[in-house]
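Letters A, B, ... mirror the listed sequences (proteins, then strands); counts begin at 1. What you are looking at is a predicted structure, and each value in this text was computed from that prediction instead of being measured.
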Amino acid sequence: DAKTTQPPSMDCAEGRAANLPCNHSTISGNEYVYWYRQIHSQGPQYIIHGLKNNETNEMASLIITEDRKSSTLILPHATLRDTAVYYCIVRDFRGYYSGAGSYQLTFGKGTKLSVIP
Amino acid sequence: EAQVTQNPRYLITVTGKKLTVTCSQNMNHEYMSWYRQDPGLGLRQIYYSMNVEVTDKGDVPEGYKVSRKEKRNFPLILESPSPNQTSLYFCASSGRSSGRNTGELFFGEGSRLTVL
């Protein structure tokens, strides 16, 4: 079963903020939230990740609710080049050397974001 | 440049003719994985490997084999391809980069396979 739930599609006007939601109600304490995007049929590209604090980098901001059951990816000023499918996954990447962590990663169908001129 | 390289990028083959899709990463990553992507179904994991000689099944392993004899390579083998294996395939890796492990997955550019 998918560990995250995302809306299948969203539209956003160019220049406006795009807010992409993700529900991960069964997230465990050691799991991080990751966001990736896939433009056309290219390989998915990493955007951002976080555990419980809000995070920001040059591409986007990630807002995680206090109970960690949902998060929002924010693209502050969407451009046409941000049109893509966005995937939210949860992952415990610790423990490569201890045998812990999560390795069976399900990406699901993501959210298709269309940025409108 | 850090990268994951897949070959071939495009292949048309016939039912039953064994083929191998190679995947190589130059980042000394421990974790590698294969995904297939089909319209309306998102990315589905086929197999993954936590380190050399350690592999395990993902969500859709039927009809595929993998091996991890070296850290950098993780080939996907289709012993007897069938038309339902026509798909876009992605290889990904993850591990310590520049001394840090962020869990970020690095993906290859994809291999589009058509089985007639």
Original post:
Taking everything shown except Arg16(A) itself, do over 12 heavy atoms lie less than 6.0 Å from its CZ?
Top reply: no
**OP:** Locate the shortest heavy-atom distance separating Gln37(B) from Tyr87(A); write the atom from each residue and the value.
**Re:** NE2-OH, 3.1 Å
**OP:** For residues Tyr46(A) and Leu105(B), report the shortest heavy-atom separation together with the two atoms involved.
**Re:** CB-O, 4.4 Å
**OP:** Measure the OH-CD distance between Tyr32(A) and Glu104(B) for me, rounded to the nearest 0.5 Å.
**Re:** 14.0 Å
Original post:
Taking the six-membered ring for Trp, are the ring centroids of Phe107(A) and Phe107(B) within less than 6.0 Å of each other?
Top reply: yes
Original post:
Tyr35(B) versus chain A, heavy atoms under 4.5 Å apart: side chain, backbone, both or neither?
Top reply: side chain
**OP:** Using the rule that two of Ile, Leu, Val, Met, Phe, Trp, Tyr join whenever any of their side-chain heavy atoms come within less than 4.5 Å, decide whether Val115(B) and Val60(B) are in one cluster.
**Re:** yes
Original post:
Are Tyr64(B) and Leu19(B) linked, directly or through other ILVMFWY residues, by side chains that come within less than 4.5 angstrom of each other?
Top reply: yes
Original post:
With the 4.5 Å side-chain cut-off for hydrophobic clustering, are Val21(B) and Met32(B) part of the same group?
Top reply: yes
Original post:
Is it the backbone or the side chain of Gln38(A) that comes under 4.5 Å from a heavy atom of chain B, or both, or neither?
Top reply: side chain
**OP:** May I ask whether Leu43(B) and Ile46(B) are part of the same hydrophobic cluster, defined by side-chain heavy atoms of I, L, V, M, F, W, Y residues being less than 4.5 angstrom apart, directly or through others?
**Re:** no
Original post:
For Ile12(B), does the CD1 atom have more than 12 heavy-atom neighbours from other residues, nucleotides or ligands under 6.0 Å away?
Top reply: no
**OP:** Taking all non-hydrogen atoms of both residues into account, name the closest pair between Gly40(B) and Lys109(A) and its distance.
**Re:** O-CE, 3.0 Å
Original post:
When you measure from the centre of the six-membered ring of Tyr48(B), is the NZ or CZ of Arg91(A) under 6.0 Å away and within 45° of the axis?
Top reply: no
